[in-house]
Structures are given as structure tokens and as C-alpha cells.
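Since we're looking at a predicted model, the values are computed, not measured.
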Amino acid sequence: MGEGGGGIHRISEVLQEERLTEHDLPTNVDATNLKKRSWGLLVPGIVGGTLVAVYAVATPFLTPALRKICLPFVPATSNQIENVLKMLRCRNGSLVDIGSGDGRVVIAAAKEGFRAVGYELNPWLVWYSRYRAWREGVHDAAKFYISDLWKMPQLEKKLQLELEDDARVIACRFPFPHWVPDHITGEGIDTVWAYDSKTFKGSEKSFPKPVSNVHLY
């Protein structure tokens, strides 16, 4: 009788434990579902934030590609920079780089003793160029400004009227359509064309400007 009563008691305890387990199960399931929902919201949030950051950085780089005439940013190669400096050999004064990109040409010219200025549409590249100039120790001689090249219509005519008589214009990858270069060096994407002001100015009177060399990229 004692053993029978003990058996019944143990069976009752087992049934109570099973009922407690069944009662606690929905709570555990709800907690699991809540964690899944939290991760489901967190992951899209991270992805969305990343896409916004990428868009913010990429927009200035992609905007020029939406123009009718596209001049995407392509970093200057070491050969191209060497060719530009070759065209500036035995010259001094100021250099203006129109479309200065990440500032490689301007910084290289500053290291050669030029007072160099770069104009670039992309603000991210301008800020990066300033950082590079500071890191290279030429921030006093190399300056960079945000400027839209596309707001300068008839660039050939503008340079012809405003450059000094001893100025030299250097073009990389894209030669001027109407001028005849005085010097050409390099090949392929590293080709550099040099135009002397005394050649392309003709008989038109110039207006003195503190510019002796112009590099167009």
C-alpha cells in the first residue's frame, strides 16, 4: 500500500512538471520570436545605413558622368606626372591645374618649387588633396579649391585672352581641339600636349595674370 501510494504521488509530480513545462513553452517561443524580429529589423537598418553612406560618398564621383560631356576622374599615373614635369622643366612661377583630381600633379609641381593651385569639381577629392598636400609637407605651396570646370565656356578663348605671353598650357589625355601643340611627349593615356601662349595667342592683346603654366586634366 505504501509503495502504491508512493507511485501515485510520483506520477502526480510528473504530471505537474509536464503541465508547468507546457505552460512555460509559449513564453520561451515568444522570446525567440522577439529576438528574430529584432534581428530582422537590425539587419535592414545596417544595410540601409551602409547604402546611404555609399551613396553620399559616390554621388560626387558619379555626378560628372550624368553630364552631356563626361570627364570621369581617372588618377594620374606616375608616367603622366613625369611627362608633365618634363614639360615644365627650366620653368618657374605659378601652375594652375584645372581638374586637379586627387592633387597628384599639383603636389608634384609644388615639390619642384612651383606655386601650384588645383581646381576640382568633386569636393571629396579637394579635401583629400588638401590632406595629401599637408601630409607631403607642401600645403603652403599647393592650394586646392572647389570649382566647376563646366562653368568655363570656350576654354580655349578664355586662356588665349587671359594668360601671360610666356605661359604654357599642358593638356593630358584630351588635347585642345583647335590648337596645334608645340611639344608632345608620352603615349597612350600618358600622352601630354604642351601649348605655348606665344603660339596660340596670335596678335590678340593679353591681360596680365599671375599664371605662367596651366595644366588641364
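Within the hydrophobic cluster formed by Ile, Leu, Val, Met, Phe, Trp and Tyr side chains joined at under 4.5 Å, directly or through other members, Tyr128 is accompanied by Tyr131, Trp134.
Considering only heavy atoms from C-beta on, Leu159 comes within 4.5 Å of Leu155 through its side chain. Side-chain contact between Leu163 and Phe200 is present, with at least one heavy-atom pair separated by less than 4.5 Å.
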Per-pair distances, 0.1 Å, donor-acceptor, side chain in residues 189-199, under 3.5 Å, sequence neighbours excluded:
residue: Asp190; atom: OD1; partner: Thr77; partner atom: OG1; Å: 2.4
residue: Thr191; atom: OG1; partner: Gly188; partner atom: N; Å: 3.2
residue: Thr191; atom: OG1; partner: Gly188; partner atom: O; Å: 2.9
residue: Tyr195; atom: OH; partner: Phe176; partner atom: N; Å: 3.1
residue: Asp196; atom: OD1; partner: Arg168; partner atom: NE; Å: 2.7
residue: Asp196; atom: OD1; partner: Arg168; partner atom: NH2; Å: 3.2
residue: Asp196; atom: OD2; partner: Arg168; partner atom: NH2; Å: 3.4
residue: Ser197; atom: OG; partner: Glu164; partner atom: O; Å: 2.8
residue: Thr199; atom: OG1; partner: Asp182; partner atom: OD1; Å: 2.8
residue: Thr199; atom: OG1; partner: Asp182; partner atom: OD2; Å: 3.4

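Note that CE of Met87 is 5.0 Å distant from OG1 of Thr185, once rounded to the nearest 0.5 Å. Here the CG-NE2 distance, from Asn83 to His183, works out to 13.5 Å after rounding to the nearest 0.5 Å.
Of all non-hydrogen atoms in Val84 and Cys172, the two that sit nearest each other are CG2-SG, 3.6 Å. Looking at every heavy atom in both residues, Ala167 comes nearest to Arg91 through C-NH2, 3.7 Å.
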Assess the residue pair Glu162 and Lys158 against the criterion (salt bridge (Lys or Arg N to Asp or Glu O under 4.0 Å)); give the C-alpha distance rounded to whole Å, side-chain angles, the decisive distance to 0.1 Å, and a yes or no. CA-CA 6 Å; Glu162 298 183 6; Lys158 180 178 179 65; 3.2 Å; yes
CA sep, side-chain torsions, deciding dist, call: Ser129, Val106, side-chain contact (heavy atoms from CB on, under 4.5 Å): CA-CA 9 Å; Ser129 299; Val106 172; over 6 Å; no
Trace of the side-chain contact (heavy atoms from CB on, under 4.5 Å) decision for Asp97 with Phe144: CA-CA 9 Å; Asp97 190 354; Phe144 298 92; over 6 Å; no
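In this structure, the ring pair (Phe, Tyr, Trp, His ring centres under 6.0 Å) partners of Tyr145, at least two apart in sequence or on a different chain, are Tyr119. Under the rule for a side-chain contact (heavy atoms from CB on, under 4.5 Å), the partners of Glu112 that lie at least two apart in sequence or sit in another chain are Leu85, Phe114. Applying the side-chain hydrogen bond (donor to acceptor under 3.5 Å, both in side chains) criterion to Glu136, with sequence neighbours excluded, gives Lys111. Here Asp102 pairs with Arg104, Arg132 under the salt bridge (Lys or Arg N to Asp or Glu O under 4.0 Å) rule; sequence neighbours left out.
The main-chain N or O of Ile146 is never found under 3.5 Å from a side-chain atom of Glu120 such that the two would form a donor-acceptor pair.
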